[in-house]
Amino acid sequence: MHAKTLAAPIALLLALALCLGFALATPNPAWAMQSKSENFNSYKPKYIGAKDMLGVAMAQDGLGQGSLGYTEGWCADFVSDCAKRVGQSKAVPFNGMVSELYRATISAGGKVVTTPKAGDLVFFNFDHVGIMMDAENCISGNMGSPSKVAQCRCEWVIPGAKIVYVRPAYKSKAYQVGFKANGGTGKMSKQTIKRNKTKALKKNAFKRTGYKFVGWNTKKDGSGKWFKNRQKVKNIAKAGKTIKLYAQWKKRAS
């Protein structure tokens, strides 16, 4: 077999071995509670529940048990501290025991889901818990040896484990605006705006050869609500939601 043919399987096996190493070294669930959020790396909140929950966890990626200060099985402590750090402890009540954290999150309004999204919690046999990065991967504490915060495909955390996804009842204080080129070219990142605050929309950065930008609309065909370039807006979407604005173009005269 040629080297090129072997490369992909070998890479996959190495990745699997790495995650299996994390899983095999994962301690038993914690029976006490420890909060060490004061040792977390800084994170600037977006005031959107699920996004903040994942964001603060990702800011700790690679940190070890020693630098964080946990002295027990700490995956549930880590998730609880993430919630505490971004003001989501009502949705994810603090608990150092994985099974009790699950029950508390459900009691606080969380729901079991079959299709996970970023920010959802993921429970493995109720022995380990992490935070979903997307539909397939998670980040959690108490991974590997030495123990640290790490990312892994869910199916590799504890191979064969029963996996349960929970969507906490996060509370958000902001919404996002997504900008779509709608035939133009270029990139614009989403804009986060806090509820009850007035803020100007981002300046258009899209371009379209032979066309002039004339504003934004909530519909591709311009049949929805219009917004001017850099228009000041307030409460144009519900908290935790994203409103999409499509660039509108007028063909330039020949």
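In this chain, residues are counted from 1 in sequence order. Hydrogens, waters and symmetry mates play no part in the numbers below; they use all other heavy atoms, side chains included.
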Enquirer: So with a 6.0 Å cut-off around NZ of Lys244, is the heavy-atom count from everything else above 12?
Expert: no
Enquirer: Rounded at 0.5 Å granularity, tell me how far CH2 in Trp74 sits from OG in Ser140.
Expert: 8.0 Å
Enquirer: How far apart are the C-alpha atoms of Leu245 and Thr218, what are their side-chain angles, what is the distance that settles it, and do they pass the side-chain contact (heavy atoms from CB on, under 4.5 Å) test?
Expert: CA-CA 5 Å; Leu245 298 184; Thr218 54; 3.8 Å; yes
Enquirer: Report the C-alpha separation of Gln65 and Asn142 in whole Å, then their side-chain angles, then the decisive distance to 0.1 Å, and conclude whether the side-chain hydrogen bond (donor to acceptor under 3.5 Å, both in side chains) test is met.
Expert: CA-CA 7 Å; Gln65 180 177 3; Asn142 206 14; 5.8 Å; no
Enquirer: Got Ile163 and Val122 here, is their nearest side-chain heavy-atom distance under 4.5 Å?
Expert: yes
Enquirer: Report yes or no: do Trp226 and Val233 belong to one cluster of Ile/Leu/Val/Met/Phe/Trp/Tyr joined by side chain heavy-atom distances under 4.5 Å?
Expert: no
Enquirer: Does any non-hydrogen side-chain atom of Ser35 lie less than 4.5 Å from one of Lys84?
Expert: yes
Enquirer: Mind listing the closest non-hydrogen atom pair of Cys75 and Gly141 along with its distance?
Expert: CB-O, 3.6 Å
Enquirer: Take Glu155 and Glu136, measure what side-chain contact (heavy atoms from CB on, under 4.5 Å) needs, and give me the verdict at the end.
Expert: CA-CA 8 Å; Glu155 63 189 285; Glu136 298 179 335; over 6 Å; no
Enquirer: Judged by atom type as modelled, is there a donor-acceptor pair below 3.5 Å linking the side chain of Asn229 to the main-chain atoms of Asn204?
Expert: yes
Enquirer: Check whether any side-chain heavy atom of Val113 sits under 4.5 Å from a side-chain heavy atom of Val166, and report yes or no.
Expert: no
Enquirer: Centres of the Phe78 and Phe40 rings: under 6.0 Å?
Expert: yes
Enquirer: Report yes if some heavy atom in the side chain of Lys202 is under 4.5 Å from a heavy atom in the side chain of Met188; otherwise report no.
Expert: yes
Enquirer: May I ask you to decide if Leu101's main-chain N or O and Thr105's side chain share a donor-acceptor pair within less than 3.5 Å?
Expert: yes
Enquirer: Keeping the roles fixed (side chain from Gln248, backbone from Lys219), state whether a donor-acceptor pair exists under 3.5 Å.
Expert: yes
Enquirer: What residue pairs, at least two apart or across chains, pass salt bridge (Lys or Arg N to Asp or Glu O under 4.0 Å) with a residue in residues 105-122?
Expert: Asp120-Arg167
Enquirer: Report yes if the side chains of Phe179 and Trp216 come closer than 4.5 Å at any heavy-atom pair, otherwise no.
Expert: yes
Enquirer: Atom NZ of Lys90 and atom NZ of Lys171: how far apart are they, to the nearest 0.5 Å?
Expert: 9.0 Å
Enquirer: Between OH of Tyr47 and CD of Gln176, what distance do you get to the nearest 0.5 Å?
Expert: 14.0 Å
Enquirer: Can you measure from NZ (Lys148) to CG (Asp61) and round to the nearest 0.5 angstrom?
Expert: 8.0 Å
Enquirer: Go through Val79 and Met53 one step at a time and tell me if the side-chain contact (heavy atoms from CB on, under 4.5 Å) criterion holds.
Expert: CA-CA 9 Å; Val79 169; Met53 193 69 175; 3.9 Å; yes
Enquirer: Locate the shortest heavy-atom distance separating Ile236 from Ile243; write the atom from each residue and the value.
Expert: O-CD1, 3.5 Å
Enquirer: With ring-ring contact (aromatic ring centres under 6.0 Å, His included) as the criterion, how do Tyr246 and Trp249 come out once you've worked through the C-alpha distance, each side chain's angles and the decisive distance to 0.1 Å?
Expert: CA-CA 10 Å; Tyr246 297 88; Trp249 308 96; over 10 Å; no
Enquirer: To the nearest 0.5 angstrom, please state how far the CG atom of Leu68 sits from the OG atom of Ser147.
Expert: 9.0 Å
Enquirer: Looking at Ile193, is its backbone amide N or carbonyl O close enough to the side chain of Tyr175 to form a donor-acceptor pair, meaning the two atoms are under 3.5 Å apart?
Expert: no
Enquirer: When the ring planes of Phe124 and His128 are compared, do they come out parallel, tilted or perpendicular, using 30° and 60° as the limits?
Expert: tilted
Enquirer: Using only atom types and a distance under 3.5 Å, with no angle test, would you say the side chain of Ser80 pairs donor to acceptor with the backbone of Asn95?
Expert: yes
Enquirer: Hey, are the side chains of Val177 and Lys190 touching, using non-hydrogen atoms and a 4.5 Å cut-off?
Expert: no
Enquirer: List the steps and the verdict of side-chain contact (heavy atoms from CB on, under 4.5 Å) for Tyr43 and Val86.
Expert: CA-CA 9 Å; Tyr43 168 75; Val86 294; 4.0 Å; yes
Enquirer: If you take all heavy atoms of Ser37 and Asp81, which pair is closest and at what distance?
Expert: N-OD2, 3.3 Å
Enquirer: Between Gln34 and Asp77, what is the shortest heavy-atom contact and its length?
Expert: N-OD1, 3.2 Å
Enquirer: Phe126 and Tyr102: aromatic ring centres closer than 6.0 Å?
Expert: yes
Enquirer: Roughly how far apart are Cys152 SG and Asn137 CG, rounded to 0.5 Å?
Expert: 8.0 Å
Enquirer: With a 4.5 Å cut-off on side-chain heavy atoms, are Met132 and Cys154 touching?
Expert: yes
Enquirer: Examine Val129 and Ile131 and state if one hydrophobic cluster contains both, with Ile, Leu, Val, Met, Phe, Trp and Tyr joined whenever side-chain heavy atoms are less than 4.5 Å apart.
Expert: yes
Enquirer: Which atoms form the tightest heavy-atom contact between Leu54 and Ala118, and what is the distance?
Expert: CD2-CB, 3.8 Å
Enquirer: Would you say Ser67's side chain and Gly64's backbone share a donor-acceptor pair under 3.5 angstrom?
Expert: yes
Enquirer: Would you call Leu121 and Tyr165 a side-chain contact if the rule is heavy atoms closer than 4.5 Å?
Expert: no
Enquirer: Gln191 side chain to Ala200 main-chain N or O, any donor-acceptor pair under 3.5 Å?
Expert: yes
Enquirer: I need the full list of salt bridge (Lys or Arg N to Asp or Glu O under 4.0 Å) pairs touching residues 36-49, with sequence neighbours left out, sorted by first then second residue.
Expert: none
Enquirer: Over all heavy atoms of both residues, which pair between Gly178 and Thr242 is shortest? Give the atoms and the distance, please.
Expert: N-CG2, 4.0 Å
Enquirer: Tell me whether Asn41 contacts the main-chain N or O of Gln60 through its side chain, where contact means a donor paired with an acceptor under 3.5 Å.
Expert: no
Enquirer: If we ignore hydrogens and angles and just use 3.5 Å, is the side chain of Asp52 paired with the main-chain N or O of Pro45 as donor and acceptor?
Expert: no
Enquirer: Any donor-acceptor pair under 3.5 Å linking the side chain of Thr198 with the backbone of Lys234?
Expert: no
